[in-house]
There are 2 protein chains.
Amino acid sequence: MPEKVTIADVARQAGVSRQTVSNVLNAPELVREETRERVRQAVEQLGYRVNQAARRMRTGRSRLLAVRIERTQDGMNVFDRFLHGLTESAAKAGYRVILYSADDDRSEIATFDDLLGAYEPDAFVLTSTHYGDVRTSWLEERGLAFVTFGRPWGTPDGGGHPWVDVDGAAGTAAATRRLAGAGHRRIGYIGWQEGSGVGDDRRSGWARTMKDLSGTTTGDTDGDKSGDTGVLERRTDGSTAEGEAAARELIAAGATALVCVSDSVALGATQAGVPVVGFDDTPVAAAIGLTSLSQPLSEAAACCVEVLTGRLDAPDGGSPGDGPPDHVLLEPSLVIRRTA
Amino acid sequence: MPEKVTIADVARQAGVSRQTVSNVLNAPELVREETRERVRQAVEQLGYRVNQAARRMRTGRSRLLAVRIERTQDGMNVFDRFLHGLTESAAKAGYRVILYSADDDRSEIATFDDLLGAYEPDAFVLTSTHYGDVRTSWLEERGLAFVTFGRPWGTPDGGGHPWVDVDGAAGTAAATRRLAGAGHRRIGYIGWQEGSGVGDDRRSGWARTMKDLSGTTTGDTDGDKSGDTGVLERRTDGSTAEGEAAARELIAAGATALVCVSDSVALGATQAGVPVVGFDDTPVAAAIGLTSLSQPLSEAAACCVEVLTGRLDAPDGGSPGDGPPDHVLLEPSLVIRRTA
DNA sequence: TCTGTTGGTTTGAACGTTCAAATCGAAGTA
DNA sequence: TACTTCGATTTGAACGTTCAAACCAACAGA
C-alpha cells in the first residue's frame, strides 16, 4: 500500500512548518537558502508529491488541459500525432491532458460545463475550428483560458483569442511551385466544397501561385479571383472516389499535374497517372509513396502549451488583454515521394 | 464568470442540510422520496456539479483513468481508435481519461508514481503488454487497480490481473481458412521475429489451421510444431520493405497466398501479386483495398472500462480476489477487400 | 529607549465534499 | 409509562493544501 506523504510529514521531517514547505515548492525566494535545502532533502527522502486535489481546492487551479479526442473519420486524420505532442509538451510544463469527446459544438459546450464543474481544467485546447464556431465565444464570454489549433475562420482580423495554425496556403503554394519547377504549367486543384476555412485556405495557395505563374501582372498576390484557373479546379466531398473522378476530369481538361486538399482525394487522384501532391502526410501517403505536405504537429502542440502556460502562469492570473494575443502560423513542409 | 455552485447552495435552496444533498447524489435510497425530488430540482435549477477535487480529498477517488498515449511509429497503429472508445465508454461510466507518455517500462513506472501522488487516478489502462512486463507487477504489489489491453504474455495461466485482448490466432485462422476456401493450399505466413507475444499468437492461428488443412490427423488442434509449414514462413522486422522481400521468397517457395502479421508487411506483400490478408485494418488497408483483420477496438475499450468500474465500484473497495479475474478475449473480424 | 522596518517563519482558516456520530420524531414492545 | 428500534435528517470533523495575517528576532534611525 502506498502510504500517503503529506506536506505535514515533510514539515516534521525538516523541522519547519507546513507553510514553509509550501513556500519552498511555490515561492522558493521567500525561504532562506539553508532551510530551503533542508526541506528539499526531506521532500526527496520521503518521496513527497503535491496532492493536486488539495491544491486545487485552495487555488482553483488543476493543472489539467482538456482536449477533445476526434472521431477518426476515414482514418486519415492527423489529430493523434497532435495529441501525442500535446501530452508531451504539457507534461514538461507540469500539466496533464484530460480527454473528452463530443459530437457537435452544442454537446461540446455542454461538456465544457460538465468538466468545469467537476475537474476545473485550467484551459481548453480546441481543434477543428470552423466558420461560426460557437465554442470560442462561449469560452470567451466566461473568461476561460483556451487556444485553438486552427485559425478562427470568419473573423478577418484573426480573432481576439490565441491560436496556433499551419499555413495551408503556403503549403499548397509550395506544392504548386514544385510542380511548376518540374515543367508543369497546367496544374489542377482538387478541393473540398466551398465554405470550409481550411479548404479555402489551401485552395488559395494554389490559386495565388497559378496566377503568379501565368504572369498576367506582378503584385496583388492576394488576388483570389480565378482567371482561367476555374476550369482546372474541382470540388469534392473529400472521398477517394470523388478524388479519382475529379482527377480524370481535370486531366481531360488539360491538367498535367494535381495539387490536392487532402491525402484522401490525392489517393484517388494517383490512379489517374499524373503527378500528385497530397496534404497532411498521413500514414497512407507514406505507404503508397504519395508526395504530401506535412504539418509540424509536435511543434504546433508545443506552441499551444506555451501559449497557454504563458497566460496561466502570468502574475495577474492570465486575464486576456495583456500583450498581443498569440497568433502562431507554422509552415508545413513538402515530403517528396514517388508521385511528384 | 461562472459562479461556483456548491453543495451548500443546493442545500439552502432545497431547505435541507449538506449531507442530505450528498446522500441524494451518492446513496439516494437513504432519502425520503419527497425530499429527494426537492433536492433534485434544486440541483437542476442551480446547475450544480459535484466538485471532484473536494470529493477526492474526502474519498480518495478521483474518477480518472490514466492511459499512456502511444508513440505513433509508422502510423499504422491502432491505438487511437482504442483511445477514442475508451474516452467514450469512460465518460458514460462517469470517468475521464487522463493521458501520459513514457518511453519505456521504467519511465512508465516513474510516471505511475508521479500520477498517483498528484492526481490519484483510480485505475490504469495498460497497452502493449509484452514478455517480462514489469509494469503489471509494480501495480500489483501496490494493490492498484488496472486492466491491460493485451494478455500477460509469458504467464501460462493467464495472469492474476484482469485483461482484455483480441484473439490474434483466431483472426489468422479465419484468414487462412478463407484463402483455403478460395482453393489455396500453399498459404504462406509473414510474421515478426520470435518472442513477441502478439506475433507468436497470430502466427499460431495460421500454423494450426495449416496443420488442420494438411489433414495429417484429426484433433490436436493445439499442435504448433511446424511440419512442412516452416518453408512457407518468413520472419521480418515488420517493415513494408521486408514484407515485400518475404513475399517474393515465399512465392518462389511455392506459396500462392499470404497471411500477414500486420498491414505494414502486408502492404509490401501486395506488390508480389498473390492474394494477401493483413492485420489491424488500418487506414492504409482501407486505402489500398487490402483485406485485413479488424480488431473490435471500441468493444475492447468498453470491456476495459466495464472491468475497471466493476472493481472500483464494488462495495468492498475493489480489492482483488473477489470473483474470478476478468479475462476477455474478443474475436477480430475479417474485412474483405480486393486483395483476398 | 522607543518606533519602525525587514526577512524569515508560523498559525489559523478556508476551499467543498463525505464519513461518522448525533439528533429527532414516530412507532413498536414490554 | 418507559424503553427500543427505526427511518430520516443534521452536525462536526477531516481530507491536504495555500492564503492572509500574525509573529518574532534582528537591526536601523530618531
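Chain A is the first sequence line, chain B the second, and so forth, proteins listed ahead of strands; every chain is numbered from 1.
One interatomic measurement links the two molecules: CZ of B/Arg61 to C1' of C/dC19, which rounds to 15 Å at whole-angstrom precision. Residue B/Asn51 contributes atom CG, which lies 14 Å from atom C1' of C/dA14 at whole-angstrom precision. If you measure from atom CE of A/Met57 to atom C1' of D/dT17, you get 8 Å, rounded to the nearest angstrom. The interatomic distance linking B/Gln52 (CD) with C/dT17 (P) rounds to 10 Å, in whole Å. When rounded to the nearest whole Å, the span between CG of B/Leu30 and C1' of C/dT18 equals 13 Å. The CG-C1' distance, from B/Asn26 to C/dG16, rounds to 13 Å in whole Å. Atom CZ of B/Arg38 is separated from atom C1' of D/dT9 by 11 Å (rounded to the nearest Å). The distance from atom NZ of B/Lys4 to atom P of C/dT17 is 10 Å, rounded to the nearest whole Å.
Not one side-chain nitrogen or oxygen of A/Thr20 sits closer than 4.0 Å to the OP1 or OP2 atom of C/dT9. B/Ser22 has a side-chain polar atom (N or O) that falls below the 4.0 Å cut-off from OP1 or OP2 of C/dT18. Neither OP1 nor OP2 of C/dT18 sits under 4.0 Å from any side-chain N or O of B/Asn23. The side chain of A/Arg18 places no N or O atom within less than 4.0 Å of a non-bridging phosphate oxygen (OP1 or OP2) of D/dG16. OP1 or OP2 of C/dC19 has not a single side-chain nitrogen or oxygen of B/Arg58 nearer than 4.0 Å. Side-chain nitrogen and oxygen atoms of A/Thr59 include none within less than 4.0 Å of the OP1 or OP2 phosphate oxygen of D/dT17. Close to D/dT10, at under 4.0 Å from its OP1 or OP2, lies a side-chain N or O of B/Ser17. Distances shown here put a side-chain N or O of B/Arg55 below 4.0 Å from the OP1 or OP2 atom of C/dT18.
Proximity note for A/Val50 (side chain, C-beta onward) versus D/dG16, C/dT17, D/dT17: the nearest is D/dT17. The side chain of A/Gln19 has D/dT18 as its nearest neighbour among D/dT18, D/dG16, C/dT17.
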Identify all side-chain donor-acceptor contacts of residues 85-95 of chain A below 3.5 Å with residues at least two apart in sequence or on another chain.
| residue | atom | partner | partner atom | Å |
| --- | --- | --- | --- | --- |
| A/Thr87 | OG1 | A/Leu83 | O | 2.9 |
| A/Glu88 | OE2 | B/Ser101 | OG | 3.4 |
| A/Ser89 | OG | A/Gly85 | O | 3.2 |
| A/Tyr95 | OH | A/Arg61 | NH2 | 2.8 |
| A/Tyr95 | OH | A/Asp313 | OD1 | 3.2 |

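For B/Arg49 and C/dG16, a side-chain-to-base donor-acceptor distance below 3.5 Å is absent, hydrogens and geometry of angles not being considered.
Ring centroid separation for the pair B/Trp138 and B/Phe112 comes in under the 6.0 Å cut-off.
Put simply, the side chain of A/Leu115 reaches to within 4.5 Å of the side chain of B/Arg96, judged on heavy atoms. A 4.5 Å side-chain heavy-atom check between A/Tyr48 and A/Leu25 finds at least one atom pair inside the cut-off. Under the 4.5 Å side-chain criterion, counting only non-hydrogen atoms from C-beta, B/Leu64 is not in contact with B/Arg56.
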